[in-house]
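Count residues from 1 along the sequence. Keep in mind that the numbers below use all heavy atoms, side chains included, and drop hydrogens, waters and symmetry copies.
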Amino acid sequence: MSEYSWSSSQGETPSWGSRWKGAPIGEGPDGKVLYSCVEMEPMNDAEEPFEVCIGDSVEIFADADEASKLPKLPDGSDRVYVLKVTKLWEGPWQGAKDAKCFEGEWFYTLWDTVILTEVKGRARLPTVGKGFEPLDLRQVFKADPNEDLWEQTCEVAVIKRVVRVLHVTPGNPAPDIGSCDYWWALTHSRRFHTFQDHDHRPTMAQENRALNSVEIYSGCGGFSFVAQRSELGSVEVRHAVDIFEDALSTFKVNHPSTHVHLMHVDEFLFVCQKLRQLRRKHLERPNCDPNGGNRQEHETQYQGCITSVKVGHPPTKEWVPGEGGNTLDQLPEDLTEENSWLMFEYSSWPGSSEQGRCWLKESTVPLRALVAFLKGVVKHGTFPSPRELANSPGDVDLICGGPPCQGISCQNYVAKTEDILEDERNKQIIVFLKAVMVFKPSFVLLENVLATFEKHREDGLYMKFAIATLLSMGYQTRLGVVSSDDQGVPEARRRFFLWAAKSGAEALPPFPRPVFHSIRRWDVGPCRMDCAVYTEEDNRGGPKGIKLFPPLVVGDALSDLPPVTNYCFADAMDYKLPPQRPYQLWMRRKPPTWEPSLEERARAADWLMESGKDRALALLTGNVGLGERERLATLGDLVMGRTCQPEAFEGRQVQCANEEATPSAQRQFELWSRAFRRGQLYRLGKFVELELERDAHARESGRPCPLRDHLPIKLRSVEYDRVMAVPKSSEGVDGPDFRSMRGVVMHRNGNW
């Protein structure tokens with residue numbers, strides 16, 4: 001032990017003696033005597049005493065009771081906290097007359113933040129792999145001073161050691177290994193689990209700025225609503241990526257200037273990267289011939305052009321071109337130059353027939369045609385160019401999208417609860433983050449279901465992995481739960497939204513404040529409440545100076561719409577009533593001047609849907625020679641058997657009934673089922689004929705109808721009967737649904 005006389009703290013937390021260095025520097029309130037330095041007893045006799053002065057950063061032990069409630073660290077080490085000492089004093093504290101205490105500014109380690117994942121009582125951080133930069137365990141985050149997360153006063157006896165903590169300007173790389181124990185550039189707040197630049201003015205923030213957006217997993221354009229324009233700036237959706245052709249056709253109608261890409265996101269990234277390499281090779285390399293060089297073997301008096309590009313894959317057992325499209329499990333796990341390549345659609349000049357077109361690899365396509373195609377990509381922005389460096393110019397300022405949620409949704413009763421990122425259905429989150437890594441946009445907006453942050457889904461690993469990966473790539477992040485009814489939609493649907501903004505360059509966007517009262521209360525768990533975007537007035541009914549509109553209900557959206565049947569074919573109708581409510585006025589508003597008019601959208605929709613209508617009308621008029629019942633049965637079969645899935649449910653009932661029936665009963669049941677199906681076909685055929693005739697009369701009149709796409713999903717007869725069996729009212733909080741049907745019960749496992 002040292003020759004000094006040490007005073008020690010009594011308690012369960014590791015502690016040892018200490019003594020003040022130097023004379024007091026002042027006196028604080030409540031009789032506290034202020035000091036500038038304290039000398040600490042070493043942990044063992046082999047070490048020397050060490051000094052802790054104001055301005056030093058230290059590690060301190062966690063309280064024993066608190067540490068026992070926390071998950072154990074992977075290496076079994078003790079949990080410590082990091083803070084910067086701002087005040088040293090001696091005085092009364094927690095019953096002690098002359099306690100030696102200190103106060104400081106607290107830092108979060110990675111183990112103290114939301115990205116910590118607890119599995120079976122052990123703490124771990126999301127594994128950032130797949131080509132992403134790993135997390136730096138030296139990184140800490142300054143705690144938001146407005147949050148009272150820990151006691152701001154501690155006894156000096158809990159100090160473990162003095163550490164070196166460096167402040168790095170946001171956007172700069174991490175310091176070298178060995179130059180510090182910890183480093184920080186961001187602050188952390190548990191409100192929205194925010195990681196944000198500390199007291200730093202963004203270098204790229206400016207008014208009247210245009211952002212170019214890429215929407216992946218676009219569907220028909222849910223995120224495209226961010227394409228707004230104001231005096232503060234604008235967002236232009238330049239590219240949309242999806243694998244469903246009908247959805248992209250709808251997207252193109254509403255956003256004609258957007259380039260739509262019918263391919264997987266993996267393939268889209270591969271195409272963009274390969275085209276960037278070809279541009280560098282043929283257009284940007286010094287001394288290259290912009291006309292295509294002298295590849296004479298392909299340049300013998302040809303005339304042709306490239307009209308399209310796609311990704312080719314080697315034929316495998318799983319990969320069957322032309323059968324069912326490129327489903328996720330058919331793609332190689334990682335697209336590389338060994339298992340994928342570019343294929344160019346080449347046609348002779350001018351416009352050839354289908355027979356004159358073929359798909360060629362890059363090595364066989366005529367070079368001048370390839371160069372002309374690359375120039376067109378640059379001129380028209382057909383594909384965005386990946387950003388070479390984080391601060392270099394790029395074609396993408398914002399990436400937004402919601403990866404498919406089938407593998408994580410609460411509606412999936414067989415979803416994995418461990419190793420969820422190894423589930424093929426959840427790997428699109430990795431692809432989404434690869435898109436961020438490739439394009440390095442200024443902003444990222446990710447949407448997904450609440451289950452991505454659930455405790456029983458590997459402690460929310462899905463969303464925590466996204467946050468950790470974005471932090472490792474140099475982004476600020478903010479996670480929030482937004483309720484659709486708060487924002488003026490007559491539907492209570494809640495989703496997680498993750499904002500990310502480039503650290504050091506951009507300001508992290510806030511979430512929109514609620515505008516309407518929510519019918520449902522925010523009574524979710526504490527972890528979600530930290531993310532909930534709500535107001536005190538909205539949640540507890542107490543006025544907080546924010547005026548909210550009354551909640552919207554289904555009647556606001558539907559009361560002016562005409563009734564439709566399950567077999568409606570007419571997508572152009574008249575409204576039943578003039579606008580009765582403000583929401584209906586809003587829905588009938590004219591689009592902004594920079595978007596297609598309602599008339600232009602209607603013409604495009606009619607053109608896209610014409611083939612389907614003509615097929616149904618041809619069936620109606622082509623069966624004139626049949627008797628009425630046969631003709632109606634044919635139309636009913638169109639709905640029940642040809643355009644929809646067969647009645648598998650009814651088939652199972654027939655099979656089960658026949659297993660234990662007598663031969664006589666089987667024959668009677670078979671006759672009854674045939675008669676029943678004929679009756680069903682006849683009934684459906686009547687509905688279909690009536691709706692087709694209505695649509696034909698509407699088209700013959702030539703009068704434009706303002707209401708479009710007011711069509712229900714076509715249900716099979718058994719599904720239709722189930723829907724009609726749902727009661728009109730229910731005692732449940734959320735209203736009636738399938739659980740309110742007579743005879744439906746819930747089993748112990750939660751299935752209905």
Side-chain angles (χ1 to χ4, degrees), residues 209-230 232-265 268-269 272 381 383-384 395-406 408-409 428-429 431-436 438-450 452 462-463 466 470 475 477-489 491 493-502 506 508-512 533 591-592 594-596 601:
R209 177 182 173 192
L211 299 178
N212 295 323
S213 169
V214 172
E215 185 173 347
I216 55 182
Y217 317 105
S218 65
C220 58
F223 265 112
S224 61
F225 192 73
V226 301
Q228 304 292 325
R229 298 183 183 181
S230 69
L232 300 178
S234 63
V235 176
E236 302 286 348
V237 183
R238 298 297 186 187
H239 302 271
V241 187
D242 207 291
I243 60 174
F244 295 105
E245 186 174 7
D246 289 345
L248 286 179
S249 298
T250 303
F251 197 109
K252 189 68 174 177
V253 167
N254 294 320
H255 303 275
S257 62
T258 299
H259 298 283
V260 296
H261 306 276
L262 183 64
M263 58 180 66
H264 285 277
V265 178
F268 175 72
L269 299 178
C272 292
F383 285 90
D395 294 342
V396 180
D397 301 307
L398 167 65
I399 288 180
C400 55
C405 64
Q406 288 87 344
I408 201 76
S409 171
Q428 288 304 301
I429 183 61
V431 178
F432 180 94
L433 295 169
K434 281 185 178 179
V436 178
V438 168
F439 293 112
K440 301 177 179 62
S442 299
F443 299 97
V444 180
L445 182 56
L446 169 69
E447 175 271 342
N448 223 307
V449 296
L450 299 184
T452 56
Y462 187 100
M463 194 61 73
L470 289 168
Y475 284 89
T477 65
R478 174 176 284 135
L479 179 67
V481 179
V482 179
S483 183
S484 59
D485 54 343
D486 283 346
Q487 304 299 326
V489 178
E491 179 185 22
R493 188 180 294 267
R494 291 174 177 174
R495 291 292 182 268
F496 269 113
F497 287 87
L498 177 62
W499 265 120
K502 191 174 293 183
E506 304 289 355
L508 187 61
F511 290 111
V533 180
W594 61 84
E595 292 185 1
R601 299 186 192 200

Over all heavy atoms of both residues, which pair between [X] and [Y] is shortest? Give the atoms and the distance, please.
X: F383; Y: C272; value: CD2-SG, 4.0 Å
X: Y475; Y: S442; value: CE2-O, 4.1 Å
X: K252; Y: S257; value: NZ-C, 4.5 Å
X: L398; Y: V444; value: CD1-N, 4.1 Å
X: S218; Y: A240; value: OG-CB, 3.7 Å

Classify the ring geometry of F443 against W499: parallel below 30°, tilted from 30° to 60°, perpendicular beyond 60°. perpendicular

Where does the angle between the aromatic ring planes of F497 and F223 fall among parallel (under 30°), tilted (30 to 60°) and perpendicular (over 60°)? perpendicular

Please evaluate residues V214 and F268 with respect to the criterion side-chain contact (heavy atoms from CB on, under 4.5 Å), reporting the C-alpha separation (whole Å), side-chain torsions for both, the decisive distance (0.1 Å), and the verdict. CA-CA 11 Å; V214 172; F268 175 72; 4.2 Å; yes

Could you point out which residue of H261, E215, H259 forms a side chain to side chain donor-acceptor pair (under 3.5 Å) with H239?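 Of all the options given, the one that passes is H261.
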
So do [Y] and [X] actually touch side chain to side chain, heavy atoms under 4.5 Å?
X: Q487; Y: P512; value: yes
X: N254; Y: E595; value: no
X: F439; Y: L269; value: yes

Decide side-chain contact (heavy atoms from CB on, under 4.5 Å) for L498 and L470; before the verdict, give the C-alpha distance in whole Å, the side-chain angles of both, and the deciding distance to 0.1 Å. CA-CA 10 Å; L498 177 62; L470 289 168; 3.7 Å; yes

More than 12 heavy atoms of other residues, nucleotides or ligands under 6.0 Å from CD of E491: yes or no? yes

Would L433 and L446 satisfy side-chain contact (heavy atoms from CB on, under 4.5 Å), going step by step from the backbone distance to the final call? CA-CA 10 Å; L433 295 169; L446 169 69; 5.9 Å; no

Considering the options R495, R493, R494, which one meets the salt bridge (charged side-chain N to carboxylate O under 4.0 Å, His left out) requirement together with E447? R495

side-chain contact (heavy atoms from CB on, under 4.5 Å) between F496 and L479, intermediate numbers included: CA-CA 7 Å; F496 269 113; L479 179 67; 3.6 Å; yes

